[in-house]
Amino acid sequence: MAPSPNFHGNWGRLGVGLEDWMAEYTSLEKIRLQKLEELRAAGIEAYPTRARRSHLSVEAIAEFEAKEKEGGEVRVILAGRIRAMRAMGKISFAHIEDGAGKVQLFFRTNELGKERLDLFNRLFDIGDFIEAEGVMFRTKSGEVTLHVHDFKLLAKSISPLPAAKDETLPDGTVVRHAALEDPELRARQRYADLAVNPEVRETFRKRAAIVRALREFLDSRGFLEVETPILQPLYGGAAARPFVTHHNELDQDMYLRISFELYLKRLLVGNLERVYEIGRDFRNEGVSFKHNPEFTQLEFYWAYADYLQVMELTEQMVSYVAQSVLGTYKIRFKEHEIDLTPPWRRLEMRQGILETSGIDFAQHPTAESLFQAIREKHPRLTPDPKATRGKLIDFLLSEFLEPTLIQPTFLYNYPRDISPLAKSIPGDPLTVERFEGYVAGFELCNAFTELNDPLDQEQRFLEMGRDYAADDEEKHPMDEDYLRAMRYGMPPNGGFGMGVDRLTMLLLDKHSIREVLLFPALRKEE
RNA sequence: GGGCGCGUAGCUCAACGGCAGAGCAGUGGCCUUUUAAGCCAUUGGUUCAGAGUUCGAAUCUCUGCGCGCUCACCA
């Protein structure tokens, strides 16, 4: 099908001839481009500049239902996207969807005349945006519907959206047929996914509500929201590989931050006593159902508090968010019923690992001894022989304890050598005041009483440097400016970090981080 | 990065060594209260890409690409 001489489509942008234009579009798209031409030939603007709308779909329906008994007329202008069309001779039905929901449109030759109805049936498609003016009424089968007296195209759709159809079964459940389901397509073309899967839009509305609730909670407790650099001359605050980039004018390599920690704690030095940030972290590591290279993190730092106070604030905050977004403390995640009502269970890490693995790591003060114990007790397991004591403990944690932590649990008191920014427990140099919150078997948050002794901190950086000497990429760089800040004096404080994506997964019962990210990282196409 | 699996029409999926199909969407027709509207007719394919085995490949083998699951990595 060749474009006619008065074709208005922009195939000049290809800078090529007719043949390439033909290859650029699918047969369905070519048909729609022809319709576009016909519309324009008929003097109809396919992309008008302005639209009118008096009501959202739900408002129009509600207003009609309120006035239905006394028979008052409800005249409205609705605007939305065509999701279904049913032409039947001299009448037609369609459903449009707007920001609030769907509403049915009813077209009749009586009001519109044959030509206008034919125009609608022939040249309008699923996916087009339209504006429709008329009077609300109820059809024979009971659906509140707009009786259209006039309509107008607002934007023509060239590429066909998946024409998903909702079937309502006798028991009321809705089955969607031919919905866009391919996970790759849904993620790559999130715009199409959002357009045809309303529950995806709902997921992201709820995500926004979760972030809003976190802010409300912290704001109301005197925390100041701040923004610290994403582009940093030096990365730190976590053990992760960074993304490296380059500033041309400064001729200097820069890193995308892997955490906010060191900058937020600088603010405590500056007498900002309660600070938090919600923003993006970047970690140049593997991608999985719970890892995306960029992810949203919440961190707060609270002067004069310790990790026990942070624990209390955490359970209050998470339950507040659940209550405010879902209206309940009881959530479902996969097959689990989870109760977020505070207080949460508190379990000392040593105790938890002893109970689930039969190994008391306190009896094994060196990596060698702990490694031997694991090999003897669990011969089929193969921990890394080069692992530090802390990493072996972490291994036991994820192997034995983590899967059992379904109901919200604070696991506390961590080995010092995997926690270089946390403060030791008085009288116990091997253990730090740190906890992680676990729900549904995965780590939700991580917090500790922050190390505020600049000399100890310098020592820890040096130790980390040694531990990672063999692996440059994971080496924890010495942040001299951070130490300089600490030397001015940092108040004792409790700090906290939580993955907002993971919290969203938990609260919304989504089992992949991609379901809660609008545009997850994907390999480039082709 | 390793292992396993998947990739067929715009969407959802069949065909599993022997003519590449269905439903929806699309196109033409009938139909003035339908709603997965219905009925009649009909269009649409580089079976992800490339190579190989075979008389014959969507199907078997290899390579590549992409995605999913899983393991590793990830305080």
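Keep in mind that this is a model prediction, so the values were computed, not measured. Values below: every heavy atom of this structure, side chains too, minus hydrogens, waters and symmetry copies. Numbers restart at 1 for each chain; the letters A, B, ... are given by sequence-line order, proteins then strands.
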Spacing of A:M88 atom CE relative to B:rC31 atom P, expressed in whole Å: 11 Å

G-U wobble or Watson-Crick pairing nucleotide for B:rC30 (cut-off 3.5 Å, both distances): B:rG38

Nearest-neighbour nucleotide for the A:E184 side chain, B:rU34, B:rU70, B:rG66 considered: B:rG66

By ring pair (Phe, Tyr, Trp, His ring centres under 6.0 Å) - contacts of A:Y307 (at least two apart): none

Residues in side chain to side chain contact (heavy atoms under 4.5 Å, CB included) contact with A:H378, at least two apart in sequence or another chain: A:S357, A:I359, A:L381, A:F400

Shortest side-chain distance from A:K140, nucleotide among B:rU34, B:rU70, B:rC73: B:rU34

Selection from B:rA75, B:rU70, B:rC74 that lies nearest to any side-chain heavy atom of A:E285: B:rC74

hbond_proxy A:D166 side chain to B:rU35 base (donor-acceptor, 3.5 Å cutoff): no

Nucleotide opposite B:rC4 in a Watson-Crick or G-U pair, distances under 3.5 Å: B:rG68

Phosphate OP1/OP2 of B:rC74: any A:R241 side-chain N/O under 4.0 Å: no

Residue A:R108, side-chain atoms from C-beta onward, closest of B:rC67, B:rU32, B:rA36: B:rU32

d(CG, A:D193; C1', B:rC67) in whole Å: 15 Å

Test log, rule salt bridge (Lys or Arg N to Asp or Glu O under 4.0 Å), inputs A:R32 and A:E37: CA-CA 9 Å; A:R32 292 201 183 187; A:E37 261 190 281; over 6 Å; no

Distance, C1' atom - from B:rU59 to B:rC74, rounded to whole angstrom: 40 Å

Contact nearer the 5' end of RNA chain B, comparing A:G142 with A:P183: A:G142

Whichever of A:L522 and A:R283 has its nearest RNA chain B nucleotide further upstream toward 5': A:L522

With sequence neighbours excluded, residues passing ring pair (Phe, Tyr, Trp, His ring centres under 6.0 Å) with A:F137: A:F106, A:H147

Those residues that, when tested against A:F260, pass ring pair (Phe, Tyr, Trp, His ring centres under 6.0 Å) (two or more places apart): none

Positive for ring pair (Phe, Tyr, Trp, His ring centres under 6.0 Å) with A:F107, one of A:F93, A:F151, A:F124: A:F151

is_close_aromatic(A:Y412, A:F435), centroid dist under 6.0 Å: no

Mind listing the N/O atom pairs, protein and nucleotides 24-27 of chain B, below 3.5 Å?
unit_1: B:rC24; atom_1: O3'; unit_2: A:K165; atom_2: NZ; d: 2.9
unit_1: B:rA25; atom_1: OP1; unit_2: A:K165; atom_2: NZ; d: 2.6
unit_1: B:rU27; atom_1: OP1; unit_2: A:K35; atom_2: NZ; d: 2.4

B:rC24 versus B:rA20 - spacing of their P atoms, nearest Å: 24 Å

Contacts of A:F243 that satisfy side chain to side chain contact (heavy atoms under 4.5 Å, CB included) - sequence neighbours left out: A:L256, A:F282, A:N284, A:P293

Spacing of the P atoms in B:rC16 and B:rA58 (rounded, Å): 13 Å

Base B:rU12 to side chain A:E181, donor-acceptor N/O within 3.5 Å cut-off: no

Any residue meeting side chain to side chain contact (heavy atoms under 4.5 Å, CB included) with A:R122, in chain and number order, not counting sequence neighbours: A:E38

A:R138 and A:T145: CA distance, side-chain angles, deciding distance, side chain to side chain donor-acceptor pair (under 3.5 Å) verdict: CA-CA 6 Å; A:R138 192 180 286 277; A:T145 299; over 6 Å; no

Among B:rU35, B:rU34, B:rC74, the one nearest A:H95 by side-chain distance: B:rU35

Rounded distance in Å between the C1' positions of B:rA36 and B:rC11: 14 Å

Those residues that, when tested against A:R346, pass salt bridge (charged side-chain N to carboxylate O under 4.0 Å, His left out) (two or more places apart): A:E315

Pairwise C1' distance, B:rG44 and B:rA22 [rounded to whole Å]: 14 Å

Shorter than 3.5 Å, N or O on both sides, protein versus nucleotides 1-9 of chain B: list them out with atom names.
none

B:rA37 OP1/OP2 closer than 4.0 Å to side-chain N/O of A:R86: yes

Side-chain-base donor-acceptor pair under 3.5 Å for A:E143 and B:rU34: no

Between B:rG23 and B:rC4 - C1' atom distance, rounded Å: 31 Å

Check: B:rU33 base within 3.5 Å donor-acceptor of A:S141 side chain: no

